[in-house]
Amino acid sequence: MGKKVVEIENLVKRYKELIALDHLNLAVEEGEIFGLLGPNGSGKTTAINCILALLYFDKGSVKVFGKEMQPDSYEIKRQIGVVLQNVAVFEELTVQENIDYFCGLYIQDKMVRKKYVEEAMVFSGLEEFRKFYPKKLSGGLLRRLNIACGIAHKPKLIIMDEPTVAVDPQSRNRILEGIQMLNKEGAAIIYTSHYMEEVEQICSRIAILDKGRCVASGTKEELKSMIKMGEKIHMEVMNLLPFQIAEIKELRHVYQVEYQDGMLEICCSGGKHNLVHILDYFNSREIGFGRVYSELPTLNDVFLEITGKKLRDSAETA
Amino acid sequence: MQVFKAFFRILYKNKASLLMYIVIYLGITLIVSNAMQEDGKTEFSGISLDIGLRNEDKGYLGKSLEKYLESGNQLMDVPKKKEDLQDAMYYQEMDYVLLIPEDFTEKFKEGEWEGSLEGTMVPGSSSAYLVEQEIQGFLKTVSMYLKAGCSTEQASAWSLRDMEQKPKVRFLENGSSQELPSGFYYFQYIPYVFLIMMILGVGASMKSFQDKDLAARNKCSSMSFLKQNLQIFLGCMVYMMIVYLVFMVMAWVAVREYMFTFRGFLNAANAFLFAVCSLSVSWFAVQFAKNTAALTILSNVFGLGFSFLGGVFVSLDFMGESARKLAKFIPSYWYVAANQEIQKVASFAEGGKVYQSFLIVLMFSLAFFSAGLLANRMKVKSK
C-alpha cells in the first residue's frame, strides 16, 4: 500500500438545507490515477474544492501529504496542480504568458520557470501557438492550455476536474496520454469525468459518489465484481412475442430482458455458458435470429447499476 | 511580482482605447482653452454697409451727405426699375436705399427736411437702422451748425470733419470667465477623463482577476492571497500615478507658465486627489460590471454622469438650486468647486475653501472604496 497523498475523513459540507457531502471518506495514494465518478450534483466538485481549501466544510478532515489542508497551507499548495472544470486563463495574455503567469505563482526562479514553461508547452503540444491569445485557440487547444497552466510547476498531486469536456477525440486522446505520462513521472492524479471510457482507460482506482457519499470504490475489476451483471448478450431477433420474452427471463442466470426495435438485450448474472443456454432456447423454439454478441460489464454498467438510471436533472450543487 | 506584471499586461492590451481618450481629451481641452482665450482678445471694428444712393439734390448738402456716407460704407447705384430695386433688396445686395430729392438743401435750410429723404430698407434689418442713425447723426450736426449761423457749405464741411472723428473703444474688465487662464480650462475637464481612464484601465484588469475561475485558480496557488492582492493594489496605484503624471506632463507642455504658479500647484494637487477618488470609484464600479462591455457602459455612466452633474461640462452657475444641492453628493462637484476657488485666491494661505474641497474629495474616495469593499464582500458571499 502506497503512501497516502490525500485523506478525507467524515467530510460534511452543507449548503443551507442541502447536504453536498455526507460523511465522505476517501483516500488517494501516491502514484495512482484516482477516478472520481458521480452523477450531476453528487458532490465531486465540492469534494475537490474542499481538498483545495477553496471551501470551508462543516465537519471532518482533509489531509494532503499527511498535513491538514488550510487556506494558508502554501507549502502544501506548492505541490498541487489544479485543472478546473472551466477553462481559467487570462484572455489578455498569450499562451506562453498564461503558462508563465501560473507557473510563476509557484516558481520564483526565472531560469527554472523558463525551462518549466517550455516543457509544459512541449508536453501539451502548444509550442506553435505560444504567441496566440486564448480567443484564437480551438476548444481542444484551449483545454490543453488549461492543463499546461495547471501542471507547469511540476506538482506531485494534480487535480483535474473534467478536463476533456467538449473536446474532439484527437485532443482528448492527447490529453489522456499526457495524464498517463504525468502519472508515470510520479504525480498522483485525481480525475473526475462523466466519460466512463476515459476513466476506465486511465484510472487505477475509482470512487463513485452519489448524494455526497462514496457508494463504491476500488479498481475497475473490483467495481465490476460488485454489481449483479456478469455478462450482457445482444441478439437481433424479429417478431419476438411477449410470452417468449417471459420464457427467456426464466432462463438460468438471466435477470433482465429488454426488447426494442428488433434488438434483444439480456443481462445475466455471473455464471458459465449463459450464451449456450440462450441459443439452445432459440433453437428449441425455432426462433430465427441474426447477429449475436456478448460483452462483459463496462464501468458505465457499474455506474448505472450503482447510481440508478433515474435522470439527475437537479442543478449541480458542486 | 507575477500578479503585478500580469496586471499591466492586461492593461497594455487595452492601450488603444485609453490612448484614444487621452488624445480626445487633449484635443477638446486645448480647443476650448484657446477658444476662450481668443474671445477675451476680440477687438472692436466698425462695419461697412452696402447703400444704394440716388442723389438728385442740386444743393451742397446732398453732396456732403453722400461724401459722409461714402467715407464708411459702400455706395451703389440704385436701379431705375422698381423690380430690379426689389430684387437687390431681396437678395440683400443692398442694406439700405436712399433717395435724396432735388430740393433737399433748400428744404433743410428752411427746417422742413423731416420726411424729405426717402429711405427703403429690408424689414427688421439691424444694418439699415445703423444707416439711418448715421444719416440722422450727420444731419443733426449740420442743423446745429446752421442754427449757430454758419453757411450751408461751412456747416457741411465742419460736420464732415466732426463725424470723421472715430471713438476709441476699450473693453472693460468685468471679471467674467473670459479672464480665466487656460490652465483653468485644462484642469476643468480632468474629472471626466480620469474617471473613464480609471474605470476602463483598472476595471479591465481587476475584472480579469475577479473572474470566478481565475480567482479560484489563483487561490489554489502557493502565493498568498494577501500577496496577490497587494500586487493588484500596487498595480492600481502605479497605474493611477502614471495617468496622473501623463496629464501633469501634458499640462507642463500646454500651460507651462500656469503650472509654475501657486494656482498651478493647487490645481495639480486637486487633480491628484481626484485621481485617487477616480481609482476608488473604479474599484466600486468594477463590482457591478459583469463583463468588459458592462465596464465600458459603467465608465460612461460614471464619467458623463459625474461630469454633467458635478459641473464639469456645464458651469455650476447655470445650475438650479436643487441641482446644485444634489451635485454636492458627487465628488466632481467638489473638484470643480476647488478648481473655481483656486482662481479666486491670491496665496496658499487664502485657500481655506480649496482645502475644504480637497478634504471632501478625499472623504468621497474613502466612501467609494468602502462601498466597493462591501459590494465585493457581498458578491463573494453570494457565490
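In what follows, chains carry the letters A, B, and so on, assigned in the order in which the sequence lines appear, proteins first and then strands, with residues in each chain numbered from 1. The structure presented is a predicted model; accordingly, all values stated were derived computationally and were not measured. Atom set for the values below is all heavy atoms of this structure, side chains included, hydrogens, waters and symmetry mates excluded.
For A:D100, the parts sitting under 4.5 Å from any heavy atom of chain B are the backbone and the side chain alike. Interface remark: A:L54 contributes side-chain atoms only to the contact with chain B (heavy atom separation under 4.5 Å).
One finds the CZ atom of A:F90 at 11.0 Å from the CZ atom of B:F7 (value rounded to the nearest 0.5 Å). Atoms CD and OH, on B:Q2 and A:Y106 in that order, are 12.0 Å from each other to the nearest 0.5 Å. The line from CZ of A:R78 to OG of B:S222 is 4.0 Å long, rounded to the nearest 0.5 Å. From A:D72, atom CG reaches atom CG of B:L226 across 11.5 Å, with rounding to the nearest 0.5 Å.
For chain B, the option among A:Q108, A:E75, A:K77 with the highest count of heavy-atom pairs below 4.5 Å is A:K77. Residue with the most contacts toward chain B among A:I80, A:V89, A:N98: A:V89 (heavy-atom pairs, distance under 4.5 Å). For chain B, the option among A:L52, A:I159, A:N86 with the highest count of heavy-atom pairs below 4.5 Å is A:N86. For the options B:Q228, B:M1, B:K219, heavy-atom pairs under 4.5 Å to chain A are most numerous at B:K219.
Under a cutoff of 6.0 Å and an axis angle of 45°, B:R217 and A:F102 form a cation-pi pair.
Remark: the A:E92 side chain and the B:S208 side chain contain an N/O donor-acceptor pair separated by less than 3.5 Å.
In B:F4, the CZ atom is crowded: over 12 heavy atoms of neighbouring residues, nucleotides or ligands sit closer than 6.0 Å. Within 6.0 Å of CE on B:M20 lie more than 12 heavy atoms contributed by other residues, nucleotides or ligands. Shown here is B:F233, whose CZ atom has no more than 12 heavy atoms of other residues, nucleotides or ligands within 6.0 Å. The environment of NZ in B:K15 is crowded: more than 12 heavy-atom neighbours from other residues, nucleotides or ligands sit within 6.0 Å. The local environment of NZ in B:K5 is crowded, with over 12 non-hydrogen atoms from other residues, nucleotides or ligands closer than 6.0 Å.
Side-chain atoms of A:Y101 and B:V3, non-hydrogen and from C-beta on, do get closer than 4.5 Å to each other. Side-chain contact between A:Y133 and B:K13 is present, with at least one heavy-atom pair separated by less than 4.5 Å.
Taking each heavy atom of B:D213 and A:L84 in turn, the nearest pair found is O-CD1, 3.8 Å. Taking all atoms of both residues into account, the shortest heavy-atom contact from B:N218 to A:L105 is OD1-CD1, 3.3 Å.
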